[in-house]
Amino acid sequence: MSAAELRRAGAWLARHGLPDASPTPLLAARLAVRRRARLADQIAVAVLIMGAALAQAYWLSAPAFGRSQPQPSAPLLVLAAAMAGLLLLRSMLDWWVRRVDRRAGVALSRRAAHPVQPGWRTVLGRPFAAFALATFAGALVLAVSALTVQDAVVRHAAWVLLIGLAGVGAGVVVHLRDLLARPVVAEDEVSLTADVIMRIEDAREVAVPTVLWVLPVVLLFGFAPAWWNVASLLFMFVGLAACVAIQARTPSSATVARRVMGIR
């Protein structure tokens, strides 16, 4: 493990209220793989948003370039294949993280354990779970309401949005399931606490539905009726305000981890 990764691990410990703990190669390796996996996942989500926008733009721009407009099913099938690719990539990233954790655990001379495996209430928390479900439901309502509009462009974009929502929802479920199923990897009390903190941070990041706010506006804003445009903007701004309020009122990941571990 490089000195730079150990310094990053030390800074991470200090940010989470563990300044007296020494960064270990175990912690540095686990943090490094999560940072890289998170970056890859963010790039994949950005590609998803751009792919959805391109699928809509290709369908709309065909007549302008002298091409016959393709069947609506063609770009939808391409987008569905992209969703499947995104899910496969997320599964591979989760496997990569588990593999690094497993290799780190095998190398431990001794292994600490905690009698309680953190459940979803600890890892995600009810406020974040309710927020994620409400946001997904709001995006779904926007997509279904757009299908009621008697306009081919709007209806096509609504189908693109529904496929995007299905892909995002399935990805979140897969990621949270993996977080809850991962075995604890730790060698002492500090690394046990760090394990819980990492789970909580990963789960909370997954629950913040940035894509669900962006996709409706990217795909339909300006094409849909005025009432839908207003509703999509309200959905985005109200969701952002609720996210800020929940993050401000919810105990930090370090606080929750100490509570789980019984540390004051």
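- Every residue meeting the side-chain contact (heavy atoms from CB on, under 4.5 Å) condition with R121, not counting sequence neighbours, appears here in chain and number order: R126.
- Considering only residues two or more places apart in sequence or on other chains, A203 meets the side-chain contact (heavy atoms from CB on, under 4.5 Å) condition with V123, L124, L176, L179.
- By the rule that hydrophobic residues join a cluster once side-chain heavy atoms approach within less than 4.5 Å of another member, F136 and F128 end up as members of one cluster.
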Please list, one pair per line, the donor and acceptor atoms closer than 3.5 Å that link side chains of residues 92-99 to other protein atoms, with sequence neighbours excluded.
| from | atom 1 | to | atom 2 | distance (Å) |
| --- | --- | --- | --- | --- |
| D94 | OD1 | H175 | ND1 | 3.1 |
| R98 | NH1 | D178 | OD1 | 2.2 |

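- To the nearest 0.5 Å, the span separating CG on L13 from CG on L31 amounts to 7.5 Å.
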>> Checking I43 against L39 for the side chain to side chain contact (heavy atoms under 4.5 Å, CB included) test, could you report, in this order, the C-alpha distance in whole Å, the side-chain angles of both residues, the deciding distance, and whether it holds?
In response: CA-CA 6 Å; I43 293 173; L39 176 60; 4.2 Å; yes
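- By the neighbour-count criterion of 12 heavy atoms within 6.0 Å, atom CZ of R177 is sparsely surrounded, having that number or fewer from other residues, nucleotides or ligands.
- Minimum interatomic distance between V100 and A29 (heavy atoms only, all atoms of both residues): CG1-O, 4.1 Å.
- Both L161 and V154 belong to a single network of hydrophobic side chains, linked directly or stepwise wherever heavy atoms of I, L, V, M, F, W or Y lie under 4.5 Å apart.
- When side chains are defined from C-beta on, L89 does not count as touching D41, because their heavy atoms never get closer than 4.5 Å.
- We find the CD-CD1 distance between E201 and I197 to be 7.0 Å, quoted to the nearest 0.5 Å.
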Using atom types as modelled, flag every donor-acceptor pair under 3.5 Å from a side chain in residues 240-250 to any protein atom, sequence neighbours excluded.
| from | atom 1 | to | atom 2 | distance (Å) |
| --- | --- | --- | --- | --- |
| T250 | OG1 | I246 | O | 2.6 |

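- The nearest pair of heavy atoms linking A257 to I200 is N-CD1, 4.1 Å.
- Separation of atoms OG1 (T122) and CZ (R199) is listed at 11.0 Å; rounding is to 0.5 Å.
- Residue L234 belongs to a hydrophobic cluster whose other members are V230, with links defined by side-chain heavy atoms closer than 4.5 Å.
- A salt bridge between D151 and R155 is absent, with no side-chain N of the basic residue lying under 4.0 Å from a carboxylate O of the acidic one.
- Shown here are the side-chain hydrogen bond (donor to acceptor under 3.5 Å, both in side chains) partners of R204, two or more places apart in sequence or in another chain: there are none.
- Legend: residues meeting salt bridge (Lys or Arg N to Asp or Glu O under 4.0 Å) with R38, ordered by chain and number and at least two apart, are D202, E205.
- For R36, the salt bridge (Lys or Arg N to Asp or Glu O under 4.0 Å) test picks out E5, with sequence neighbours left out.
- By the side-chain hydrogen bond (donor to acceptor under 3.5 Å, both in side chains) test, S252 is found to be paired with T255, residues two or more places apart in sequence or in another chain being considered.
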Scan the side chains in residues 141-149 for donor-acceptor partners under 3.5 Å anywhere in the protein, sequence neighbours excluded, and list what turns up.
| from | atom 1 | to | atom 2 | distance (Å) |
| --- | --- | --- | --- | --- |
| S145 | OG | V141 | O | 3.1 |
| S145 | OG | L142 | O | 2.8 |
| S145 | OG | W228 | NE1 | 3.4 |
| T148 | OG1 | S145 | O | 2.5 |

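- Looking only at distances, a side-chain donor or acceptor of R34 sits under 3.5 Å from a matching main-chain atom of R30.
- Remark: the backbone N or O of G17 is paired with a side-chain donor or acceptor of R258 at under 3.5 angstrom.
- Remark: F237 engages L233 in a side-chain contact (heavy atoms from CB on, under 4.5 Å) (not counting sequence neighbours).
- In terms of the ring-ring contact (aromatic ring centres under 6.0 Å, His included) criterion, residue partners of W12 (sequence neighbours excluded) are, by chain and number, H16.
- Atom-to-atom distance recorded for T135:OG1 and M236:CE is 13.0 Å, nearest 0.5 angstrom.
- Under the 4.5 Å side-chain heavy-atom criterion for Ile, Leu, Val, Met, Phe, Trp and Tyr, W227 and V238 are members of distinct hydrophobic clusters.
- Here the CZ-CG distance, from R8 to L27, works out to 13.0 Å after rounding to the nearest 0.5 Å.
- In plain terms, the two heavy atoms of A129 and W120 that are nearest each other are CB-CZ3, 3.9 Å.
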